[in-house]
Amino acid sequence: MTRISLLPVILSLVVGCVLAEDPYIYFTWKVTYGTLAPLGVPQQVILVNGEFPGPNINSTTNNNVIVNVFNQLDEPFLFTWNGIQHRKWSWQDGVAGTNCPIQPGQNFTYHFQVKDQIGSFMYFPSLGMQKASGAFGGLRVNSRLLIPVPFDDPADDYTVLIGDWYTKSHKVLEKTLDSGVSIGRPAGVLINGHTGKDISGNDEPPLFFMEAGKTYRYRICNVGMKVTLNFRFQSHSMLLVEMDGSHTMQNDYHSLDVHVGQCLSVLVTADQAPGDYYIAATSRFTKYTISATGLIRYNGSNTPASKDVPPAPIGWAWSFNQWRSFRWNLTASAARPNPQGSYHYGSIDITRTVKLVSSTGKVNGKRRYALNVVSHQDTATPLKLAEYFGIADKVFKYDIISDEPPPTKTPIQIAPNVLNMTFRTFVEVVFENPERTTQAYHIDGYAFFPVGIGHGKWTPESRKLYNNLDAVSRHTIQVYQRSWSAVLMTFDNAGMWNLRSELWERRYLGQQLYFTVQSPARSLRDESNIPDNALLCGEVVGLPKPPPYV
């Protein structure tokens with residue numbers, strides 16, 4: 001097993017990347033297989049330090065996070081840090097387009113800095129279908145004492161990881177998809193790795209405890225594979241305070257739709273009679289219904305929970321109207337950088353509109369998913385490395401799709417899909433979903449403004465429906481069936497960044513692409529040099545390192 005000393009890695013990364021006085025927090029993670037039965041069926045899962053779900057990362061603004069990952073699987077592995085922007089530092093993004101995988105029996109030390117993204121995030125495996133077997137966990141970015149948050153400190157802070165779950169291992173799911181067959185519907189839903197019931201149908205032990213009269217923070221993330229989940233508390237309302245690292249205007253909700261890849265925070269006050277109460281997560285926008293429950297217990301109580309669990313809402317219109325109620329808290333926390341976090345994003349001139357239409361089809365008799373009829377294929381040499389070492393032309397072609405989708409009957413082609421974005425331009429990205437399933441898309445390296453959602457096809461007239469004042473800055477956006485979603489963003493973060501479907505079957509079969517954002521000046525002001533511990537693979541092995549940025 002290769003062991004890498006942390007000291008030279010840290011010293012080499014400090015210059016030009018982070019400030020020396022910012023604190024460091026360290027983690028050593030061993031990634032292994034294990035056998036568990038989350039849905040009552042023994043199956044292979046992926047554990048982090050023997051835990052399922054994996055351990056929480058509890059960080060504070062400007063912390064340097066050092067995660068030394070030992071891959072003890074029999075296959076390559078990478079972690080990605082969903083929603084962490086990695087300013088000027090896509091080397092740590094942990095996806096196939098930016099990083100060589102950690103080979104079996106070897107390790108790699110991630111080093112990234114969490115900046116002013118105060119809020120709730122998650123991590124998970126990015127290769128293949130490994131996410132279906134676990135190795136996911138919560139990632140918190142807390143506020144420094146100098147930066148107040150718009151609510152009092154809660155009595156406790158809980159992470160709630162909800163997601164659909166399959167009883168087949170990720171390797172079986174990969175073989176199923178490779179054969180051209182869909183993986184079908186999930187077998188169930190988990191909350192922090194549990195269904196809420198044991199094999200006899202009795203309630204499992206409580207997940208969380210509350211003391212009467214106190215208020216608690218619950219950070220809820222959908223770590224699943226394909227299904228939007230509605231989350232709710234029995235007999236308690238939820239005060240929404242944060243979504244994907246942005247503080248919201250505070251409104252009460254009885255239930256919240258959480259789409260795949262999204263996180264949000266709610267405050268819940270223990271204002272009911274002491275006893276046990278259920279939390280529930282239920283599938284949305286599916287012909288079938290799958291659910292999980294968990295118990296919350298008031299301290300010292302022995303009163304069982306009522307079996308009357310409130311049902312999930314029905315229909316996508318309810319969810320759409322709930323989305324319209326979300327508003328950004330423009331007075332919370334620290335001043336935001338301009339323009340990516342601008343208060344006045346609605347007055348910035350749009351320099352480019354990229355319209356991405358999803359599609360499903362077959363190539364050589366096998367199912368593929370595409371954006372603008374190109375189904376992305378990963379390359380043996382990560383795209384970022386090929387570009388950095390000056391051999392991009394040997395690995396991929398830029399801009400094989402245009403900003404407008406081709407005619408609907410155009411056949412799908414399989415190729416690396418990389419769009420060149422001009423540095424520091426303000427761009428409108430429109431996602432159009434002509435299908436009958438609700439979709440979700442995530443963009444690494446950025447937060448964007450989800451300004452509009454509507455039914456049918458997007459047209460320039462749709463801009464009249466935009467929220468140009470206080471859309472909640474996020475990193476993942478849902479696209480309802482036969483609908484469109486539009487986001488505005490400034491491409492001011494140099495690097496290679498993955499845009500992907502968060503529905504993992506679709507991503508695995510090509511519904512993703514990469515934005516490359518290159519600064520015209522090879523300057524440390526805009527992007528950091530490749531780290532000394534970067535893994536090399538493919539065509540760049542043995543090549544001389546390019547001149548460093550200065």
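Heavy-atom basis, side chains included; hydrogens, waters and symmetry copies ignored.
- For the 3.5 Å distance criterion, the side chains of Gln44 and Ser169 fail to qualify, holding no donor opposite an acceptor.
- Residues Trp504 and Tyr166 keep their aromatic ring centres 6.0 Å or farther apart.
- A donor-acceptor contact under 3.5 angstrom links the side chains of Ser358 and Glu435, judged on distance only.
- Between the side chains of Thr159 and Asn56, at least one donor N or O sits under 3.5 Å from an acceptor N or O.
- Shown here for His259 and Ser319, the closest heavy-atom pair between the two residues is NE2-OG, 3.9 Å.
- Side-chain contact check for His170 and Glu75: at least one donor-acceptor pair (N or O, by modelled atom type) lies under 3.5 Å.
- Trp497 contributes atom CH2, which lies 9.5 Å from atom NE2 of His442 (distance to the nearest 0.5 angstrom).
- Aromatic pair Tyr369/Tyr508: ring centres not closer than 6.0 Å.
- Side-chain contact check for Ser255 and Asn230: at least one donor-acceptor pair (N or O, by modelled atom type) lies under 3.5 Å.
- Nearest heavy atoms, Ile401 versus Leu356: CD1-CD2, 4.0 Å.
- Closest approach of Ala135 and Phe79 over heavy atoms only: O-CE2, 3.2 Å.
- Pro406 has its side chain within reach of Asn372: a pair of non-hydrogen atoms, C-beta onward, lies under 4.5 Å apart.
- The OG1 atom of Thr28 lies 8.0 Å from the CG atom of Asn49; values are rounded to the nearest 0.5 Å.
- In the model, Ser182 has a side-chain atom that pairs as donor or acceptor with a side-chain atom of Glu505 under 3.5 Å.
- Taking the six-membered ring for Trp and the full ring otherwise, Trp81 and Tyr110 have centroids separated by under 6.0 Å.
- Relative ring orientation between Trp316 and Tyr480 is described as tilted, the plane-to-plane angle lying within the 30° to 60° band.
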Item to complete: Determine, stepwise, if the pair Val31 / Phe70 fulfils side chain to side chain contact (heavy atoms under 4.5 Å, CB included).
Response: CA-CA 6 Å; Val31 180; Phe70 289 84; over 6 Å; no

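- Between the side chains of Ser265 and Ser120, at least one donor N or O lies within less than 3.5 Å of an accepting N or O.
- Using a cutoff of 4.0 Å between basic side-chain nitrogens and carboxylate oxygens, Asp492 and Arg87 are scored as salt-bridged.
- At a threshold of 4.0 Å, the pair Glu502-Arg500 counts as salt-bridged, since one of the basic side-chain nitrogens sits closer than that to a carboxylate oxygen.
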